[in-house]
Novice: 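Got a structure for you, written out below as C-alpha cells; questions coming shortly.
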There are 2 protein chains.
Amino acid sequence: MRQIIDERTGGTVRPPCGAEPHGATMRIAAHVTVLHEGDPARRIMEVVDGAVMLTKLLPDGRRQVVELLGPGDVFGLAHADAYACSAETLTPATINTHERGALERDPVLAARLLRRFEAQLCVMHSHALVLGRMSALERVAFFLLRLMPDGMVGTTLHLSMTRQEIADFLGLTLETVSRAFSELKRRGLVVLQRADEVRIQDRGSMRRLAGAA
Amino acid sequence: MRQIIDERTGGTVRPPCGAEPHGATMRIAAHVTVLHEGDPARRIMEVVDGAVMLTKLLPDGRRQVVELLGPGDVFGLAHADAYACSAETLTPATINTHERGALERDPVLAARLLRRFEAQLCVMHSHALVLGRMSALERVAFFLLRLMPDGMVGTTLHLSMTRQEIADFLGLTLETVSRAFSELKRRGLVVLQRADEVRIQDRGSMRRLAGAA
DNA sequence: CGCATAATTGAGCGGTCTCAACGTATGTGG
DNA sequence: CCACATACGTTGAGACCGCTCAATTATGCG
C-alpha cells in the first residue's frame, strides 16, 4: 500500500482551502493516490504536468488501469456523484482542480474540457480495440508506440510504470508483459537499455504489429 | 456487406441540405452504417431514439464494437479531423446532427455534450475493466445487466444484436458468447424465450458475477 | 417446402495465466 | 566497502480458458 502511505506523508495532496474562485494548482509527488474510486465527487481535475493513471477495481481485487493521462487530460469524472476511478500519479505531477460547479459558470473552462473529453473518448475507443481484439505482443507494441511521440524517433523512452502497472493497463499479467518485451527485443524491434528504458529500433514493424496505431 | 447496401437503398441517410442553422433530425432504418471510420468528420450526432453501435476495425478485419449508444448519447467524434469509429444503427433510429462549428456558437449544446461525454467516458472506463479483467461468463452477465434497466425487473429484454455483434462488443467469439448464454441458462440465472429475448431470473447472482455492475 | 442466416454444441488446439525459481538493481546498516 | 534486504524483472513448466474448425439444429422468409 505504497500510495496510501505516500498520500499521508506527502502533504501536497490536500484539497485547496476554498478561498480560490474555483481553481487551485497543486504539486504532487510520484506514486500518490489523488482520488479514490467511490468517494464523493466534488472536484474535477486537469493534469498540467506529469503522468497520472486511472484505475478501477473488482471486488476480488482484480485491477484495470483504464486510462493513462498526460498534460491537458482531465480526470475526476463522476457517476452518480461518486468518482468512477481512482487516480494515482506515476511521476511527480502538477494538477489543476476545479469545483464541479465551475463548469456552469466558466464557459471557457467548459469548452476546454469538451475538447479534451472528445480526445480522451477517442483514446478509450482505441483502447477498447486493444483490449478486446489484440494479442499480447500487439498490445505491448501498441503501448510503446502510444508513449513514443512520432517526433522523438531513435530517442530513449523512460517507462514510469512497472510491469504490473503495464499489465493492468493492457489486460495481461506481468509475466506476459515481460515475455512480450523479451520477444520484441529478440526480434530486434526494440532495445532495452534497462528494464524501464526502451528505444524503438524498427518503427515500421512496430506499427504493423500494432495495427497502424 | 448488409449495411452498405442498406445505406444506399435507405434514402433517409443523406446529410441535411444545409438550410438548417446547425441541427437536423433524420430517421434511419436498422442496420444502416451512418458513419465510416476514417471519413472526414464534418458533423457531430446525437441519438434521439433507437440504438447505435460504434465499431473499429483492424487492418486484418478483426472488429471491436467500442460503444453501444442509446437516446442522448453522442457520436461522430474525430481524431485528426477524421471519424474515429464507424457508426451503425442496431434498430430504427432518430438522429440529430450538428455541424462541428455549432459547438462554439451554441453554449447550450456544448453544455449538453459536455455532460454526455462525461457519462460516456465513465461507461468506457467500466468497459475497459470488462474487456481487460473479466471472464467470458462475467462479461455476458455484465452485458445483460447493462441492457436491463433496474426498473424493469422480471420483464423480457429484446436483444437487437446478433451473437457476433455481442462477441465483438465483449471481446469474445460468437461461440463463446453462445456457450455463456447456455451456461447462464443452465445455472438458472436467465431464461431465453428465444435467442434474442432474455429474462433475468436471478438478479443477485448476476450482479455478483458481473462484479456489482 | 426449401433455402439462407443465425445459433448451438462438440472436439481439439493454442495463447495466456498460474505457480515457481532465479536474476538484477537499489538502498541500508554493519 | 560489502553483506544483506527488498522490490522488481525474467524465464520456465504445466494448466486452463477461450479460440478454431466442424457438424447439427433452430429460425425466418420467399
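We use all heavy atoms of the structure for the numbers below, so side chains are in, but hydrogens, waters and symmetry mates are not. All of these numbers come straight from a predicted model, not from anything done at the bench. Throughout, a chain's letter reflects where its sequence line sits, starting with A, and its residues are numbered from 1.
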Novice: For residues 49-62 of chain A, please give each side-chain donor-acceptor pair under 3.5 Å, one per line with the distance, not counting sequence neighbours.
Specialist:
unit_1, atom_1, unit_2, atom_2, d
A:Lys56, NZ, A:Ala84, O, 2.8
A:Asp60, OD1, A:Arg62, N, 3.2
A:Asp60, OD1, A:Arg62, NE, 3.2
A:Asp60, OD2, A:Arg62, NE, 2.9
A:Asp60, OD2, A:Arg62, NH2, 3.1
A:Arg62, NH1, B:Arg133, O, 2.8
A:Arg62, NH1, B:Glu138, OE1, 3.0
A:Arg62, NH2, B:Glu138, OE2, 2.9

Novice: Nearest whole angstrom, please: distance from the P of C:dT9 to the CD of B:Glu183.
Specialist: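 In whole Å, C:dT9 P and B:Glu183 CD are 11 Å from each other.
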
Novice: Under the side-chain hydrogen bond (donor to acceptor under 3.5 Å, both in side chains) test, which residues partner B:Glu37, sequence neighbours left out?
Specialist: none

Novice: At what angle, to 10 degrees, do the two end axes of the helix from C:dC1-D:dG30 to C:dG30-D:dC1 meet, given five pairs define each axis?
Specialist: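 If I round to tens, the end axes sit 30° apart.
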
Novice: Taking only residues two or more places apart in sequence, or in another chain, which ones meet A:Arg187 in a side-chain hydrogen bond (donor to acceptor under 3.5 Å, both in side chains)?
Specialist: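 Partners of A:Arg187 under the side-chain hydrogen bond (donor to acceptor under 3.5 Å, both in side chains) test: A:Glu183.
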
Novice: Between atom CD1 in A:Ile166 and atom C1' in D:dC8, what is the gap in whole Å?
Specialist: 12 Å

Novice: Tell me, please, which residues at least two apart from B:Thr94 pass side-chain hydrogen bond (donor to acceptor under 3.5 Å, both in side chains).
Specialist: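 B:Thr94 satisfies side-chain hydrogen bond (donor to acceptor under 3.5 Å, both in side chains) with B:Arg27 only.
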
Novice: Rounded to whole angstrom units, what separation is found between the NE2 atom of A:His158 and the C1' atom of C:dA25?
Specialist: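 The answer, rounded to whole Å, is 14 Å.
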
Novice: Would you tabulate the pairs of protein nitrogen or oxygen atoms and nucleotide nitrogen or oxygen atoms of nucleotides 2-5 of chain C closer than 3.5 angstrom?
Specialist:
none

Novice: Under the rule for salt bridge (charged side-chain N to carboxylate O under 4.0 Å, His left out), what residues qualify as partners of B:Arg100, not counting sequence neighbours?
Specialist: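 B:Arg100 satisfies salt bridge (charged side-chain N to carboxylate O under 4.0 Å, His left out) with A:Glu118 only.
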
Novice: Once side-chain contact (heavy atoms from CB on, under 4.5 Å) is applied, do any residues pair with B:Glu197, and if so which ones, sequence neighbours excluded?
Specialist: B:Thr156, B:His158, B:Gln193, B:Arg194

Novice: Going 5' to 3' through nucleotides 9-23 of chain D, assign each nucleotide B (protein heavy atom under 4.0 Å from a base atom), S (under 4.0 Å only from sugar-phosphate atoms) or - (no protein heavy atom that close).
Specialist: SBBBB----SSBB--

Novice: Is there a donor-acceptor contact under 3.5 Å linking the side chains of B:Thr97 and B:Arg43?
Specialist: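 Side-chain D/A pair, B:Thr97 to B:Arg43: present.
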
Novice: Sequence neighbours left out, what passes side-chain hydrogen bond (donor to acceptor under 3.5 Å, both in side chains) with B:Asp39? Give chain and number order.
Specialist: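 Once residues adjacent in sequence are excluded, B:Asp39 has no partner under the side-chain hydrogen bond (donor to acceptor under 3.5 Å, both in side chains) criterion.
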
Novice: Does a side-chain N or O of B:Arg186 approach OP1 or OP2 of C:dT9 to a distance below 4.0 Å, or not?
Specialist: no

Novice: Using the salt bridge (charged side-chain N to carboxylate O under 4.0 Å, His left out) rule, collect all pairs that involve residues 119-131 of chain A, keeping only residues at least two apart or in two chains.
Specialist: none

Novice: Using a 3.5 Å cut-off and no angle test, enumerate the donor-acceptor pairs between side-chain atoms of residues 64-81 of chain B and protein atoms at least two apart in sequence or in another chain.
Specialist:
unit_1, atom_1, unit_2, atom_2, d
B:Gln64, NE2, B:Asp168, O, 3.0
B:Gln64, NE2, B:Phe169, O, 3.0
B:Glu67, OE1, A:His125, NE2, 2.6
B:Glu67, OE2, B:Gln120, NE2, 2.8
B:Asp73, OD1, B:Arg116, NH1, 3.0
B:Asp73, OD2, B:Gly70, N, 2.8

